[in-house]
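Accompanying notes for the structure given below.
Proteins come first, then strands; the chains are lettered A, B, ... in the order of their sequence lines, and each starts at number 1. Predicted model only: the values in this text are computed from it and were never measured.
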There are 2 protein chains.
Amino acid sequence: MQRKPRADAQRNRERILEVAKEAFARHGANASLDEIARQVGVGPGTLYRHFPTRAELLQAVYRAELEKLAAAGQKFSQTMAPTDALRAWLFLFVDTIAAKQLIAPALNTLLGDPKKVFEASYAKMHQAIRALVKRSVESGDIRGDLDPMDLLRALIGVSNVASAPDWQASARRLVDILIIGSRPVG
Amino acid sequence: MQRKPRADAQRNRERILEVAKEAFARHGANASLDEIARQVGVGPGTLYRHFPTRAELLQAVYRAELEKLAAAGQKFSQTMAPTDALRAWLFLFVDTIAAKQLIAPALNTLLGDPKKVFEASYAKMHQAIRALVKRSVESGDIRGDLDPMDLLRALIGVSNVASAPDWQASARRLVDILIIGSRPVG
DNA sequence: CATGGTTGCGGAGACACTCTCCGTTTTATG
DNA sequence: CATAAAACGGAGAGTGTCTCCGCAACCATG
């Protein structure tokens, strides 16, 4: 028999996510976890029970955003020409980083660490970009010999938080550079 | 009147750089500075006197490597066709990160933080890539509307330490993708 | 409601890292 | 040597991480 989950635990979990998102956006991926707990009004123990490691908290904070992104990929796949869909999705990726204050270093951790390969968000992002690239490969617009994730990694490199104020424009130009450069030779 | 600099200070400075390079390669850019001092056999105070901040130490550690890279850029510029030179230099960049265990996050700090724009190493790298791209623009191989540094940032994104074991191959493919994709339209 | 079993809370505290201050030691020079 | 300048070292204050466990809050049940 399953007992109903405690209401206070649920409340705390949500409050932690809110405050953490704010803190990560303001202070970067190394924001103090004890400080987040203090702002929420709970003890450090509570925070660490819900999210045993910094990585898990970061991931929980951005999971919704990432899954929305992955879902958008599916929709683009079904409603647009292959390479248009890919291009649109990469643009959306850039916009999401900019608008939702997704912090690039955090994403880097998520996309870069092989230990997290089987992690839910990673898997969905991976599947999204792979499906988009696959369609473009089949339609003959893109070579088949590249790791789709590299396109995202390249964008993340440019989306570094600390970079110049016009990084978003740079990133959008880079999207086209990557797509044009990925055409089959000949 | 100038006094001859003390021999022990010089020795310590060099030992710190050696040990720090090792420590950064092994533990990443957040390696403990006190631990580095301990391994060198000096007090923390000594380390912090020579290198007041982590960034300055990182930079001192990699300055020689970066300046070598920048110098190679000049040589390529003078001895090769424009776009061959650019390509060769980007390859060398990737190889240097791989071989010398230059850590990508550290470079990211160096290239990403606008506060360091006037820093010596940054300036030299910036000048190198700018000169190479400029020649390719003039020869008609590359568009003029992109920030040369973005090419490096994109490579760094892929060169993330934690990424897959074949990142080097990915990075080399990415070099060509970036160059092909940077051709003028039409 | 009252009660009891369970779940979750909170914060004290051990440990690690950062960075500074200043008494002591080492060095270069006359 | 003697002396002043330069550099050293490590104690220690401040901050962050993470754990442990006594205690409080909560959900089910009669």
Side-chain angles (χ1 to χ4, degrees), chain A residues 1-61 103 105-106 109-110 113 115-116 162, chain B residues 1-61 103 105-106 109-110 113 115-116 162:
Chain A
M1 153 131 218
Q2 283 290 11
R3 199 169 175 154
K4 190 201 286 182
R6 280 176 56 163
D8 54 345
Q10 181 69 16
R11 257 201 317 275
N12 281 331
R13 190 187 167 85
E14 281 162 15
R15 288 275 305 139
I16 289 172
L17 286 175
E18 279 174 43
V19 173
K21 183 169 186 174
E22 168 73 17
F24 287 142
R26 187 188 305 275
H27 304 291
N30 291 322
S32 163
L33 299 188
D34 276 28
E35 169 66 19
I36 290 173
R38 208 190 53 71
Q39 278 183 37
V40 173
V42 301
T46 298
L47 189 151
Y48 280 95
R49 193 168 341 92
H50 283 292
F51 310 100
T53 68
R54 177 181 300 272
E56 286 188 52
L57 177 54
L58 270 170
Q59 189 175 317
V61 166
I103 42 181
T109 301
L110 229 53
D113 192 338
K115 284 177 295 190
K116 302 213 168 47
Chain B
M1 154 133 216
Q2 282 292 12
R3 199 173 174 150
K4 190 201 288 183
R6 280 176 56 159
D8 55 345
Q10 180 70 15
R11 256 199 319 275
N12 281 332
R13 191 187 167 85
E14 281 161 14
R15 287 278 303 139
I16 289 172
L17 287 176
E18 278 174 43
V19 174
K21 183 168 187 174
E22 169 74 15
F24 286 143
R26 187 187 306 275
H27 304 291
N30 290 322
S32 161
L33 299 188
D34 276 27
E35 170 65 19
I36 290 173
R38 207 190 53 71
Q39 278 183 37
V40 173
V42 301
T46 298
L47 188 152
Y48 281 93
R49 192 164 348 90
H50 283 292
F51 309 101
T53 68
R54 178 182 298 273
E56 285 189 52
L57 177 55
L58 268 170
Q59 189 177 312
V61 165
I103 41 180
T109 303
L110 228 55
D113 191 340
K115 284 179 295 192
K116 301 210 169 48

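Of the candidate nucleotides C/dT27, C/dT18, C/dT29, C/dT29 has the atom lying nearest to any side-chain atom of B/Lys4. With distances taken from any side-chain atom of B/Pro44 to the nucleotides D/dT19, C/dC19, D/dA7, the minimum falls on C/dC19. With C/dC17, D/dC18, D/dC26 as the choices, the nucleotide that has an atom nearest any side-chain atom of A/Leu33 turns out to be D/dC18. Of the candidates C/dA28, C/dC17, D/dA6, the closest approach to any side-chain atom of B/Arg6 belongs to D/dA6. Side-chain proximity of A/Asp34 to D/dT17, D/dA7, C/dC19: nearest is D/dT17. Among the nucleotides C/dT27, C/dG5, C/dT18, the one closest to the side chain of B/Arg11 is C/dT27. Taking only side-chain atoms of B/Ala9, from C-beta outward, the nucleotide of D/dC8, C/dT18, D/dA28 with the closest atom is D/dC8.
In this structure, B/Ser32 reaches the sugar-phosphate backbone alone: every heavy-atom distance under 4.0 Å involves primed, P, OP1 or OP2 atoms, never a base. Note on B/Ala37: nothing from the nucleic acid sits closer than 4.0 angstrom, heavy atoms only.
Summary of the strand contacts: B/Asp8 and A/Gly45 both lie near DNA chain C, and taking for each the nucleotide with the nearest heavy atom, the more 5' one is attributed to A/Gly45. Mapped onto DNA chain C by nearest heavy atom, A/Arg49 and B/Pro52 fall at different nucleotides, with A/Arg49 at the one closer to the 5' end.
Within the structure, every side-chain polar atom (N or O) of A/Thr46 is placed at least 4.0 Å from both OP1 and OP2 of C/dG8. For the pair B/His50 and D/dA7, the criterion of a side-chain N or O lying under 4.0 Å from OP1 or OP2 is not met.
The CG atom of A/Asn12 sits 8 Å away from the C1' atom of C/dC9 (whole-angstrom rounding). Between A/Glu35 atom CD and D/dG14 atom P the separation is 17 Å, expressed in whole Å. Rounded to a whole Å, the CZ atom of B/Phe51 is 14 Å from the C1' atom of D/dA7. Taking atom CZ on B/Arg38 and atom P on D/dC8, their separation rounds to 19 Å, with Å as the unit. Taking atom CG of residue A/Leu57 and atom P of nucleotide D/dT17, one finds them 11 Å apart after rounding to whole Å. Between the OH atom of B/Tyr48 and the P atom of D/dG14 there is a distance of 17 Å, given to the nearest Å. The separation between A/Ile36 atom CD1 and D/dC18 atom P is 12 Å, rounded to whole Å. Nucleotide C/dG10 holds its C1' atom 17 Å from the CD atom of A/Gln39, rounded to whole Å.
Across all non-hydrogen atoms, the minimal contact from A/Leu57 to A/Phe51 is CD1-CD1, 3.6 Å. In plain terms, the two heavy atoms of B/Ala106 and B/Leu58 that are nearest each other are CB-CD2, 3.7 Å. Considering every non-hydrogen atom in both B/Arg15 and B/Gln39, the closest pair reads NH2-O, 4.2 Å.
Looking only at side-chain heavy atoms (C-beta outward), B/Asp34 and B/Arg38 stay at 4.5 Å or farther from each other.
Of the listed residues (B/Leu17, B/Leu47, B/Val19, B/Thr46), just one forms a side chain to side chain contact (heavy atoms under 4.5 Å, CB included) with B/Val40, and that residue is B/Val19.
A distance-only check finds no donor-acceptor pair linking the side chain of A/Arg26 to the backbone of A/Ala31 [under 3.5 Å].
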